Amino acid sequence: MSSTGSHRAPTLAVIGGGQLARMMAQPAIALGLPLRLLAEAEGVSAAQVIPDHLVGDYTDLPTLRKITDGAAVVTFDHEHVPTAHLHALADDGVAVRPGPEALVHAQDKAVMRRRLAELDVPCPRNAVVTSTADVEAFGLPCVLKTTRGGYDGKGVWVVRAPEEAQVAFDTAAAAGVQVLAEELIDFRRELSALVARAPSGQAAAYPVVTSTQLDGICHEVIAPAPDLAPALAGQAQEIALRVAGALDVTGILAVELFETTDGRILVNELAMRPHNTGHWTQDGAVTSQFENHLRAVMDLPLGSPAPRERWTVMVNILGGPTDSGHLYDGLPHAMARDPHLRVHLYGKDLRPGRKVGHVNAYGDDLDDCLERARHAAAWFRGDLGNESE
């Protein structure tokens, strides 16, 4: 890899070739920021749009050193790069953003829970468990999670009887990780507080949103969360800003929360990268999460997180059970029916349940936004393909 020329903007290396890296490319073009990508395979989502890319293994340190050679900064599409490798890159003089000391809290749920407890951040009751007897002692029903590696509902089990816990221990043992038990929360809905933070300490907080999960996968996001008490919204943003500062996060931090039925909020998960619950910002905010992530990791002044419209609804397009044809085939219908709709496709092969795109609808009427976004996403999935208008 050649080093950055003296008359070019500094190069940003991105590890991971998924849709998050793909969606960093558009604001990078607008900012004149060269991206260099480490992709898992040729033709993956981000590799289709970032010409300067290398195919390789993100767990291999020599490969990471090759992709970051001559780059000013390295950032991530996912949280799975080994912590020791991130320290090595930092020792090489590469600005790792977010840094390994921050990122470990998104990589390891047990580490995250211990640190959040130190910060007096409200969380579900939790404990690391090593046996079914520990799970019984913790209390049933509960939620078991592998401490590393889980996402989109993987590595998470709701356990109501002791014998149901064994699959979690078997999975964790095979991966060489621990099991975390958490209380099963009676929650009204899930919320997400998204903030961007630069190395200078400048931070920007987006409106708190609500998300709906389907089979453990984010299905729908409403921005801002309807009927959220201002005090709770403020508390959620304060928690996200405090966590970002205390952990020295650089870039986007998504704090996923439960709003309990008795009016509290509890932190569920942390993600230190652009996040599915922030995809609405591409069309519904003055500055998208992807642009603010780039601004933050390059230590540029952050853009406004203010909403452009009263409501924005994001609905994911998931691969259906009988995928045939191409998502492109859905564009004529979706665009003709709703000229204000915004469609984002990821260039991925269709597989059942796989995130392959999303749609954003925005406006003054929430019910109208919901109907438009849901209809379009269902059409792309093929759920409405045989209906007449």
Side-chain angles (χ1 to χ4, degrees), residues 1 3-4 10-18 20-21 24 35-40 46 53-119 128 145-151 155 172 175-178 180 195-201 203 242-255 269-275 293-299:
M1 296 288 173
S3 59
T4 302
T11 294
L12 172 63
V14 182
I15 308 302
L20 301 181
M24 291 181 203
L35 296 186
R36 183 188 301 156
L37 178 73
L38 178 62
E40 304 84 67
H53 66 265
L54 172 73
V55 174
D57 181 359
Y58 62 80
T59 67
D60 178 62
L61 182 56
T63 299
L64 293 171
R65 283 186 161 136
K66 186 175 183 181
I67 201 71
T68 56
D69 179 34
V73 178
V74 61
T75 194
F76 311 95
D77 171 89
H78 57 72
E79 291 110 341
H80 305 313
V81 178
T83 307
H85 292 359
L86 300 180
H87 282 290
L89 295 179
D91 291 342
D92 291 344
V94 181
V96 180
R97 294 175 176 164
E101 297 87 353
L103 200 59
V104 68
H105 298 89
Q107 294 173 324
D108 191 308
K109 295 178 177 63
V111 172
M112 173 194 72
R113 288 299 184 207
R114 287 195 295 270
R115 187 69 176 108
L116 292 182
E118 292 171 0
L119 295 174
V128 172
K145 301 178 178 181
T146 53
T147 52
R148 283 179 176 258
Y151 67 98
V177 299
Q178 296 176 294
L180 183 73
V195 297
R197 183 177 179 274
S200 64
R242 181 153 53 95
V243 169
L247 302 186
D248 197 21
V249 174
T250 299
I252 290 289
L253 170 69
V255 180
E269 302 274 3
L270 301 180
M272 295 180 192
R273 50 170 172 74
H275 193 256
H293 185 75
L294 297 183
R295 290 189 185 207
V297 300
M298 300 307 292
D299 203 13

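It should be emphasised that the depicted structure is a prediction, and the values quoted were computed from it without experimental measurement.
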* To do: Over all heavy atoms of both residues, which pair between A21 and G16 is shortest? Give the atoms and the distance, please.
  =>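 A21 and G16 have their closest heavy atoms at CB-O, 3.2 Å.
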
* **Heavy-atom donor-acceptor pair, D57 side chain to T59 backbone, under 3.5 Å** =>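 A pair under 3.5 Å: yes.
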
* Asked: Should H293 and L20 count as side-chain neighbours, where that means a heavy-atom distance under 4.5 Å?
  ->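 Contact flag for H293/L20 side chains = no.
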
* So do the side chains of T83 and D108 get within less than 4.5 Å of each other, counting heavy atoms only? ->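 A side-chain contact is absent here, since even the closest heavy-atom pair is not under 4.5 Å.
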
* Under 3.5 Å donor-acceptor, T75 side chain and R97 backbone ->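 Side chain of T75 to backbone of R97: a pair is present.
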
* Any donor and acceptor pair, going by atom type alone, linking the side chain of R65 with main-chain N or O of D92 inside 3.5 Å? ->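 Judged by distance alone, no pair lies under 3.5 Å.
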
* Asked: What pair of heavy atoms forms the shortest contact from V128 to A110, and how long is it?
  ->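 The pair with the smallest heavy-atom distance is CG2-CB, 3.9 Å.
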
* Answer yes or no: is there a side-chain heavy-atom contact under 4.5 Å between V249 and V243? =>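 Counting from C-beta outward, V249 and V243 never come under 4.5 Å.
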
* Where do P199 and D299 come nearest, in terms of heavy atoms and distance? ->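 Closest heavy-atom pair between P199 and D299: CD-OD1, 3.4 Å.
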
* **Atom pair NE2 (H53) and CD1 (I67), whose distance is rounded to the nearest 0.5 Å** =>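 Between H53 NE2 and I67 CD1, I get 9.5 Å after rounding to 0.5 Å.
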
* To do: Hey, could you give me the CG/CG distance between L12 and L37, rounded to the nearest 0.5 Å?
  =>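 Those atoms lie 10.5 Å apart.
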
* **Gap separating the CG atom of D91 from the CG atom of L86, nearest 0.5 angstrom** =>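 The CG atom of D91 sits 11.0 Å away from the CG atom of L86.
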
* Under the criterion side chain to side chain donor-acceptor pair (under 3.5 Å), which of R273, H105, R148, Q107 is the partner of E79? ->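 Single pass found, and it is R273.
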
* Any side-chain heavy atom of E269 within less than 4.5 Å of one from K145? ->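 In short, these two side chains touch, coming nearer than 4.5 Å.
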
* Asked: Can you tell me how far the NE2 atom of H85 sits from the OG1 atom of T68, to the nearest 0.5 Å?
  ->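 One gets 11.5 Å once the value is rounded to the nearest 0.5 Å.
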
* Is there side-chain contact between R197 and D248, with at least one heavy-atom pair below 4.5 Å? ->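 Result yes, sub-4.5 Å side-chain heavy-atom pair found.
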
* Asked: Which distance, rounded to the nearest 0.5 Å, do you find between the CE of M24 and the CG of L294?
  ->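 Answer for the CE-CG pair, M24 versus L294, is 6.5 Å.
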
* Is there a donor-acceptor pair closer than 3.5 Å between any side-chain N or O of T147 and the backbone N or O of Q178? ->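 Yes, T147 side chain to Q178 backbone: donor-acceptor pair under 3.5 Å.
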
* Would L247 and L270 satisfy side chain to side chain contact (heavy atoms under 4.5 Å, CB included), going step by step from the backbone distance to the final call? -> CA-CA 11 Å; L247 302 186; L270 301 180; 4.1 Å; yes

* Rounded to the nearest 0.5 Å, what separation is found between the CD atom of E40 and the CG atom of D77? ->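 The CG atom of D77 is 7.0 Å from CD of E40, to the nearest 0.5 Å.
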
* Taking all non-hydrogen atoms of both residues into account, name the closest pair between V81 and Y58 and its distance. =>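 Minimum heavy-atom separation between V81 and Y58: CG1-O, 3.9 Å.
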
* Asked: Shortest non-hydrogen contact from T63 to G56?
  ->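 Taking every non-hydrogen atom into account, CG2-CA, 4.0 Å.
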
* Asked: Below 4.5 Å, heavy atoms only, C-beta onward: do M298 and V73 meet side chain to side chain?
  ->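 A side-chain contact exists here, since the closest heavy-atom pair is under 4.5 Å.
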
* Asked: Is any side-chain heavy atom of V14 less than 4.5 Å from a side-chain heavy atom of L38?
  ->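 No, too far: nothing below the 4.5 Å cut-off.
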
